[in-house]
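I have placed the structure first, in the form of structure tokens, so that the comments after it can refer back to it.
Letters go in sequence order (proteins before strands), and every chain restarts at 1.
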Number of protein chains: 2
Amino acid sequence: MRPTVNDIARAAGVSLATVDRVLNARPGVTEKTVQRVNAAIDQLGYVRDVTAANLARQRRYRLTFVLPEAPELFVATLRDALAEAGRSSAADRTEIRTLSFPAGNPHALVRTLRTLNSANTDGVAIFAPETPHVRDAILRLKSDGVPIVALVSDLPNTERDHFVGIDNIAGGRTAAFLMGKFHGKRGGSVMVLVSSMQARDNVERRLGFDQVMAESFPEIEVLPSLENHDDEDITARVVSEVLDARPDLTGVYSVGHGSRALVEVLRAHHRARQLTIVAHELTSVTREALRSGDIDAVVSQDVGHIVRSALRILRAKIDGVGIVPGQERIRIEIVVRENLS
Amino acid sequence: MRPTVNDIARAAGVSLATVDRVLNARPGVTEKTVQRVNAAIDQLGYVRDVTAANLARQRRYRLTFVLPEAPELFVATLRDALAEAGRSSAADRTEIRTLSFPAGNPHALVRTLRTLNSANTDGVAIFAPETPHVRDAILRLKSDGVPIVALVSDLPNTERDHFVGIDNIAGGRTAAFLMGKFHGKRGGSVMVLVSSMQARDNVERRLGFDQVMAESFPEIEVLPSLENHDDEDITARVVSEVLDARPDLTGVYSVGHGSRALVEVLRAHHRARQLTIVAHELTSVTREALRSGDIDAVVSQDVGHIVRSALRILRAKIDGVGIVPGQERIRIEIVVRENLS
DNA sequence: GTGAAAGCGCTAACAG
DNA sequence: CTGTTAGCGCTTTCAC
């Protein structure tokens with residue numbers, strides 16, 4: 001049988017209450033008694049039963065997710081994953097609240113963040129770009145004692161407790177590796193489509209992509225980035241233009257979260273099967289395009305894993321306990337037609 | 001506040017004990033009372049607090065993992081993952097015991113399984129090939145009320161509660177897709193190295209590989225399987241022979257769990273960089289070979305995920321509660337140089 | 001400073 | 001068939 005607080009109380013010759021004080025590092029215990037209790041603790045090899053503690057404490061985890069209101073399917077899949085997690089969260093005393101802000105509106109975001117404090121939330125997960133005001137708002141929350149995790153896109157200059165997402169430079173490098181390998185030693189030229197050069201994840205992916213293309217596939221020409229600002233019309237237009245202007249095009253790298261318009265244009269041009277297409281994020285659109293052969297590979301991250309990991313990490317931070325790093329590492333997934341779920 | 005058993009007892013006008021009986025589907029309650037209690041349950045939106053229940057029940061989970069004593073690194077990584085999980089398992093009242101049997105010795109395996117029963121274990125995870133005697137042993141355990149999950153290699157004709165691992169046909173298909181795509185429309189010939197045509201996972205991978213090669217890459221010739229029985233000397237010899245006999249060789253597909261000897265031979269022949277090599281399972285050997293460029297892609301499964309999933313599923317079966325399917329689906333991971341961890 | 005006692009949400013004897 | 005009661009391992013008043 002595992003030792004309990006009672007066992008260590010008896011062994012140390014003190015009461016339950018005192019053991020509890022020592023366990024939780026609360027004041028009002030003589031240094032001497034503390035020593036005695038700690039001695040008993042490691043002598044008996046005591047490990048605290050966190051679930052029993054939480055029961056007694058009547059702890060609830062009120063967690064807040066702050067997500068952009070964006071047109072991209074990726075955000076939708078993230079919301080779905082969150083809803084799914086919400087269904088089973090009551091069992092672990094977790095209440096999930098989702099707050100939305102219009103994508104690309106830092107003011108609205110900051111206003112949303114301002115409503116949050118330690119009185120109404122125990123932990124916050126944020127998927128948003130880093131701006132100075134956001135930084136300040138996060139700092140305030142942190143100093144209020146609220147744990148914060150950054151979701152998908154890191155907030156490295158804030159005091160966020162953890163980043164839950166992939167290394168986007170490595171993500172871009174992975175995309176380049178596939179693009180290069182799929183070209184099979186033939187040269188060619190590759191078009192790069194980004195959402196916006198403001199978005200940190202897009203910039204990092206492009207950076208990683210360029211590194212590997214230059215290092216390992218110099219025979220392939222990489223064209224300058226084309227920004228589509230997640231607008232389908234813009235995408236349709238610029239892609240069409242390049243397709244016409246560059247009959248020697250051999251590949252397309254879609255850096256952003258959305259690929260719907262790209263797939264449609266390629267289909268319309270009946271060019272898809274002759275080009276190597278690499279995109280990011282597994283959504284209904286990219287999934288279908290992989291199946292049909294319109295996209296060759298998708299570099300992705302598991303939104304279900306991201307959500308569950310954020311929940312686990314926030315709860316761990318709230319409880320002040322450690323995490324299992326291996327379990328929380330979000331992998332850079334490569335998805336092709338054959339390992340589609 | 002979330003409703004508790006007390007709330008629903010009051011609402012239904014019955015005692016705690018009766019509520020508990022209904023909750024746990026225990027006999028001895030009138031159909032009428034059951035109805036009343038259930039009505040109160042969904043009216044108040046009651047969700048049972050599993051942690052409190054487990055506390056009261058003083059439930060411990062004594063789980064047994066049965067693993068082969070095999071030379072392959074993959075099994076070692078699985079053991080490592082298990083050890084890692086063991087470190088944090090005390091917190092969730094789980095005691096993990098590992099039993100080993102000499103790989104390829106069904107008798108020893110059966111002898112091991114025979115020692116297990118509901119008195120000494122609450123759940124079993126097995127990584128072993130399916131033979132008639134194994135099937136019987138599992139059947140006996142099952143009928144003794146012990147939940148069973150199959151690990152890595154399925155035991156489809158037994159009553160196992162769950163299979164934790166990848167679809168190996170899809171794994172082989174994925175390997176073929178990469179092999180074909182990396183050839184970039186050029187033809188060639190590919191050597192296939194299997195551990196043993198007895199091993200179900202090997203056979204399935206080979207099957208999936210052949211399907212896709214035939215469907216999508218008919219310009220590439222796939223040579224007959226070479227069995228190495230996980231023996232490094234055999235591997236070295238047969239690979240060398242083929243390398244000499246077929247100067248037109250363009251690729252190697254390593255189906256089994258072990259790839260050490262293959263990598264060494266290829267290195268010795270200074271041929272690695274001119275061949276496309278696809279292997280299975282991420283281990284220290286394949287990891288290093290990816291980094292050095294000796295292997296181009298690895299099709300893998302996350303051993304950490306497999307172990308944690310097996311633990312979660314066994315606990316769920318013991319508690320008689322459901323699982324989150326998305327969380328338990330083991331992905332077919334594609335690992336290349338750039339998304340290596 | 002320290003301890004006794006009640007209680008978190010649930011289960012499990014044991015009565016009736 | 002149903003209810004009473006004690007208790008799981010821990011925290012938390014409130015006294016001493």
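Within the 4.0 Å cut-off from OP1 or OP2 of C:dG9, at least one side-chain nitrogen or oxygen of A:Gln58 is found. Put simply, B:Thr4 has no side-chain N or O that comes within less than 4.0 Å of OP1 or OP2 on C:dG9. Not one side-chain nitrogen or oxygen of A:Thr18 sits closer than 4.0 Å to the OP1 or OP2 atom of C:dG1. Neither OP1 nor OP2 of D:dC10 sits under 4.0 Å from any side-chain N or O of A:Thr51.
The shortest distance between side-chain heavy atoms of B:Val146 and B:Leu116 does not fall below 4.5 Å. Between A:Asn54 and A:Asp319, the closest side-chain pair of non-hydrogen atoms falls below 4.5 Å. By the 4.5 Å heavy-atom criterion applied to side chains, B:Leu282 and B:Thr77 are not counted as neighbours.
Of the two residues contacting DNA chain D, namely A:Pro3 and B:Gly28, the nearest-nucleotide position lying further toward the 5' end is that of B:Gly28.
Contacts of A:Val14 with the nucleic acid, taken as non-hydrogen atoms under 4.0 Å apart, involve only primed sugar atoms and P, OP1 or OP2. At the heavy-atom level, B:Thr33 lies under 4.0 Å from the strands shown only through sugar-phosphate atoms.
Here the C1' atom of nucleotide C:dC8 and the CG atom of A:Asp49 are 13 Å apart, to the nearest Å. Between the CD1 atom of B:Ile8 and the C1' atom of D:dG3 there is a distance of 15 Å, given to the nearest Å. The interatomic distance linking B:Asp7 (CG) with C:dG7 (C1') rounds to 15 Å, in whole Å. Remark: P of D:dG9 and CG of A:Leu23 are 14 Å apart, rounded to the nearest angstrom. Atoms CZ (B:Arg10) and C1' (C:dG9) sit 13 Å apart, rounded to a whole Å. Nucleotide D:dC8 holds its C1' atom 14 Å from the CZ atom of B:Arg60, rounded to whole Å. Note: CG (A:Asn6) to C1' (D:dA6) measures 15 Å, nearest angstrom. Distance CZ (B:Arg59) to C1' (D:dG9): 17 Å, rounded to an integer number of Å.
Legend: residues meeting salt bridge (charged side-chain N to carboxylate O under 4.0 Å, His left out) with B:Asp167, ordered by chain and number and at least two apart, are absent.
Side-chain contact, B:Glu333 with B:Gln301: no donor N or O sits under 3.5 Å from an acceptor N or O.
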Could I get a table of every N or O pair under 3.5 Å where one atom is in the protein and the other is in nucleotides 12-15 of chain C?
{"from": "C:dA12", "atom 1": "OP2", "to": "B:Arg26", "atom 2": "NH1", "distance (Å)": "3.2"}

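A salt bridge links B:Asp49 with A:Arg93: the closest approach of a Lys/Arg side-chain nitrogen to an acidic carboxylate oxygen falls below 4.0 angstrom. Ionic pairing of B:Asp20 and B:Arg26 is present here: one or more N-O contacts between side-chain nitrogen and carboxylate oxygen are shorter than 4.0 angstrom.
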